[in-house]
Amino acid sequence: MPEQTAHTLTKAELADALFEQIGLTKRESKQAVDAFFALISERLAAGEEVKLTGFGNFSTRMKAPRPGRNLHTGETVPIAARRVVTFHASQRLKEAVQQAQSSDGGR
C-alpha cells in the first residue's frame, strides 16, 4: 500500500479560507470558525445530533463499561461507561472521497 502523507486542517486554516474566499476580515473569520465549533460542541454536549448536509452527522452514544488491560503491568482494570462522539459521513462525502481516491491512483 502506498504511503499516505497526513495533513491536519487547523481552525486557523479554515479562518484563512474564509478570509480569502469570502472576504471576511481575519478577525471575523476567526470568530466565525470559533462560533461554528462552539455551537457544534454545545449541541453535542446537550445530547443533540448535529447534521451537516452533504458532509455527515455527529452524534453521541453511551459506551458500556468494559474490562481493560494496563499494557505495562498486564493488570485488568475496569473502564467506566462513558459518552462518546460518533461521526457518520454522508453519501455525498463518501462519493467525493472515493472519486478523489480513484483520480489520484488510490493514494
Which pairs of donor and acceptor atoms, one on a side chain in residues 36-57, lie under 3.5 Å apart (sequence neighbours left out)?
residue: S41; atom: OG; partner: F37; partner atom: O; Å: 2.9

Looking at [atom1] of [X] and [atom2] of [Y], how far apart are the two atoms once the value is rounded to the nearest 0.5 Å?
| X | Y | atom1 | atom2 | result |
| --- | --- | --- | --- | --- |
| K26 | Q31 | NZ | CD | 14.5 Å |
| R61 | R83 | CZ | CZ | 13.0 Å |
| E95 | S90 | CD | OG | 8.0 Å |

Residue pair K94, Q99: steps toward the side chain to side chain contact (heavy atoms under 4.5 Å, CB included) verdict: CA-CA 9 Å; K94 289 177 186 178; Q99 186 176 29; over 6 Å; no
Ring pair (Phe, Tyr, Trp, His ring centres under 6.0 Å) partners of residues 58-77, not counting sequence neighbours, each pair once: F58-F87
Could you tabulate the donor-acceptor pairs under 3.5 Å formed by side-chain atoms of residues 14-25, not counting sequence neighbours?
residue: T25; atom: OG1; partner: E28; partner atom: N; Å: 3.0
residue: T25; atom: OG1; partner: E28; partner atom: OE1; Å: 3.3

For A81, all residues meeting side chain to side chain contact (heavy atoms under 4.5 Å, CB included), sequence neighbours excluded: M62, P65
Side-chain hydrophobic cluster, 4.5 Å single linkage: members besides I79: none
For K11, side chain to side chain donor-acceptor pair (under 3.5 Å) partners two or more places apart: D34
